[in-house]
Amino acid sequence: MYDYIKTVIPGERILFHQPMKEYTTFRVGGEAECLIMIRQEEELAKLIPYLNKIEQKYFILGNGSNLLVGDKGYRGIVLKLDGEMEQISVDGTHISAKAGALLSKVAVTARDNGLTGLEFAAGIPGSIGGGIVMNAGAYDGEMKQVVESVRVMDCDGQISVLDNDTMEFGYRTSIIKNRPFIVLEVVLRLAEGDREQISARMEELMQLRRSKQPLEYPSAGSTFKRPEGYYAGKLIMDAGLRGYRIGGAQVADKHCGFIINTGKATAADIREVIEEVQQRVKERFHVSLEPEVVFLGDF
């Protein structure tokens, strides 16, 4: 297998036994058996069909902002988007961004070009590819509102373009959640706006984030999806779990919807806190909390 991979990817971009804590915003996680830096779509087009054909496990990684990797690591291949896979370009009121581009950088690009509609994304830490998969959103904005089309690759390496309606966007979901597609590139349709007003709105939202969210600690952002008719953070607080802690993992005092790494958490600590929160909220309020966080590897 690695002999074939080396015909596609230069050896210096094929890394073995990489600690995943260096690639996730939780700053925890054991080693990935192999991590490959992917810089071009053509590399994915050659690797994906091959890996599927030989039934080799793999995971596409952007910024690792919604990911909890187990302490025992991941026995598979991590494909980390890098280089050209992070490119952003502007054409009039449209922005094209490759899947590995940080959503926050795309928002800044929109601002710098006087384009409005993406202000809500300024503080979201993930890649735009991940943002598309989960229809990321904040402060009454979501990707569904600005996406014109998404280029995707299937498990055979075939590329398709899906329009907004075909994407089946919903609350923290999209067609990518249920189909074996890999996001390659996103085209956003924005509107002309006043750069100073756009900048002021982005700063306003960033101030809100800083005042209400524990940004000083490693986390994956909001840990749970919002249950219909409720707010996850309030349910957790009302269950008496503010500050609840196992090892180095803690329900944040500032915002109970965040589980944070206070410095020396393990992935197991974080997962145990997640499970305890789910159990207590279910017992007290009969509401099931579904994690936004993706669990990867062995715990």
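Residues take their numbers from the sequence shown, with the count starting at 1. All values reported here derive from a predicted model rather than from experimental measurement.
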>> Could you check whether E33 pairs with K57 (Lys NZ or Arg NE/NH1/NH2 to Asp/Glu carboxylate O, under 4.0 Å)?
In response: no
> Does any non-hydrogen side-chain atom of I48 lie less than 4.5 Å from one of D154?
Replying inline: no
>> Checking the side chain of K254 only, and the main-chain atoms of R210 only, is there a donor and an acceptor separated by less than 3.5 Å?
In response: yes
> Is the backbone of E196 close enough, under 3.5 Å, to the side chain of D194 for a donor and an acceptor to pair up by distance?
Replying inline: yes
>> Just by distance, no angles: are the side chains of E283 and Q279 close enough, under 3.5 Å, to form a donor-acceptor pair?
In response: yes
> Any chance the rings of F16 and Y2 have centres within less than 6.0 Å?
Replying inline: yes
> If you take all heavy atoms of P214 and A252, which pair is closest and at what distance?
Replying inline: CG-CB, 3.6 Å
>> Tell me whether F285 shares a hydrophobic cluster with L241, the cluster being built from Ile, Leu, Val, Met, Phe, Trp, Tyr side chains joined at under 4.5 Å.
In response: yes
>> According to a hydrophobic-cluster definition based on side-chain heavy atoms being under 4.5 Å apart (Ile, Leu, Val, Met, Phe, Trp, Tyr only), do M206 and V108 belong together?
In response: no
> Can you tell me if Y171 uses its side chain to pair, donor with acceptor, with the backbone of R226 under 3.5 Å?
Replying inline: yes
> Rounded to the nearest 0.5 Å, what separation is found between the NZ atom of K72 and the CD atom of E31?
Replying inline: 14.5 Å
> How far does CG of L190 sit from OG1 of T93, to the nearest 0.5 angstrom?
Replying inline: 7.0 Å
>> Please report the interatomic distance OG(S174) to CD(E142), rounded to the nearest 0.5 Å.
In response: 11.5 Å
>> Could you go through D269 and T266, starting from their C-alpha distance and side-chain angles, then the distance that decides it, and tell me whether this counts as side-chain hydrogen bond (donor to acceptor under 3.5 Å, both in side chains)?
In response: CA-CA 5 Å; D269 292 340; T266 64; 3.2 Å; yes
>> Measuring only between side-chain heavy atoms, which start at C-beta, is V78 closer than 4.5 Å to Q18?
In response: no
> Does CZ belonging to F295 count more than 12 external heavy atoms closer than 6.0 Å?
Replying inline: yes
> Without hydrogens or angle criteria, can the side chains of R201 and T116 be said to hold a donor-acceptor pair below 3.5 Å?
Replying inline: no
>> One pair to check against side chain to side chain contact (heavy atoms under 4.5 Å, CB included): F59 and L67. What are the steps and the verdict?
In response: CA-CA 11 Å; F59 183 83; L67 183 66; 3.7 Å; yes
> Can a salt bridge be assigned to the pair D253 and R242 using a cut-off of 4.0 Å between side-chain N and carboxylate O?
Replying inline: no
> Can you check whether G221's main-chain N or O pairs, donor with acceptor, with S219's side chain at less than 3.5 Å?
Replying inline: yes
> Is there a path from M167 to V146 through hydrophobic residues (I, L, V, M, F, W, Y) whose side chains come within less than 4.5 Å of each other?
Replying inline: yes
>> Measuring only between side-chain heavy atoms, which start at C-beta, is V90 closer than 4.5 Å to D112?
In response: no
> Applying the 4.5 Å side-chain criterion to the ILVMFWY set and letting contacts propagate, would I159 and I176 be lumped into a single cluster?
Replying inline: no
>> Minimum heavy-atom separation for C256 and V251, please, with both atom names.
In response: O-CG1, 3.6 Å
> In terms of hydrophobic clusters joined by side-chain contacts under 4.5 Å, are M37 and V69 together?
Replying inline: yes
> How long is the span from the CD1 atom in I36 to the NZ atom in K6, to the nearest 0.5 Å?
Replying inline: 10.5 Å
> So, S211 side chain and Q207 main chain: donor-acceptor pair closer than 3.5 Å or not?
Replying inline: yes
> Does the distance from a Lys or Arg side-chain N to an Asp or Glu carboxylate O, for R39 and E43, drop under 4.0 Å?
Replying inline: no
>> Could you check whether atom OH of Y139 has more than 12 heavy atoms from other residues, nucleotides or ligands sitting under 6.0 Å from it?
In response: yes
> Quick one: are R245 and T262 in side-chain contact, heavy atoms under 4.5 Å?
Replying inline: yes
> So among K225, R172, K177, which one has a salt bridge (charged side-chain N to carboxylate O under 4.0 Å, His left out) with E292?
Replying inline: R172
> Any side-chain heavy-atom pair from I95 and N113 closer than 4.5 angstrom?
Replying inline: no
>> For the backbone of E276 and the side chain of Q278, can you confirm whether one donor and one acceptor N or O come within less than 3.5 Å of each other?
In response: no
> How about V147 and V187: do any of their side-chain heavy atoms sit closer than 4.5 Å?
Replying inline: no
> For A32 and M20, which heavy atoms make the closest approach, and how far apart are they?
Replying inline: CB-SD, 3.7 Å
> Atom CD1 in I54, atom CE in M1: separation rounded to 0.5 Å?
Replying inline: 5.5 Å
>> Pair I198, E119 - check side chain to side chain contact (heavy atoms under 4.5 Å, CB included), show working.
In response: CA-CA 7 Å; I198 295 167; E119 290 87 336; 3.5 Å; yes
> For the side chain of N135 and the backbone of F169, is there at least one donor-acceptor N/O pair under 3.5 Å apart?
Replying inline: no
> Between I5 and L47, is a side chain to side chain contact (heavy atoms under 4.5 Å, CB included) present by the stated rule, with each step listed?
Replying inline: CA-CA 7 Å; I5 291 173; L47 285 183; 4.0 Å; yes
> Within a strict 4.5 Å, meaning less than it, do heavy atoms of the F181 and R151 side chains meet?
Replying inline: no
>> For R271, is there an ion pair with E275 - N to carboxylate O distance below 4.0 angstrom?
In response: yes
> Which residue, V293, I246, I236, T223, forms the side chain to side chain contact (heavy atoms under 4.5 Å, CB included) with I259?
Replying inline: T223
>> Which residue is it: V133, I175, I132, T166? I am looking for the one with a side chain to side chain contact (heavy atoms under 4.5 Å, CB included) to V150.
In response: I132
> Any side-chain heavy atom of K80 sitting closer than 4.5 Å to one from L15?
Replying inline: no
> Donor-acceptor pair, Y74 side chain versus Y58 backbone, under 3.5 Å?
Replying inline: yes
>> Donor-acceptor pair, distance only, cut-off 3.5 Å: does the side chain of N63 make one with the backbone of P125?
In response: yes
>> With rounding to the nearest 0.5 angstrom, report the CD to CZ distance, E204 to R209.
In response: 12.0 Å
> Hey, is the main chain of G70 close enough, under 3.5 Å, to the side chain of D298 for a donor-acceptor pair?
Replying inline: no
>> Please evaluate residues Q250 and V273 with respect to the criterion side chain to side chain contact (heavy atoms under 4.5 Å, CB included), reporting the C-alpha separation (whole Å), side-chain torsions for both, the decisive distance (0.1 Å), and the verdict.
In response: CA-CA 7 Å; Q250 179 183 324; V273 172; over 6 Å; no
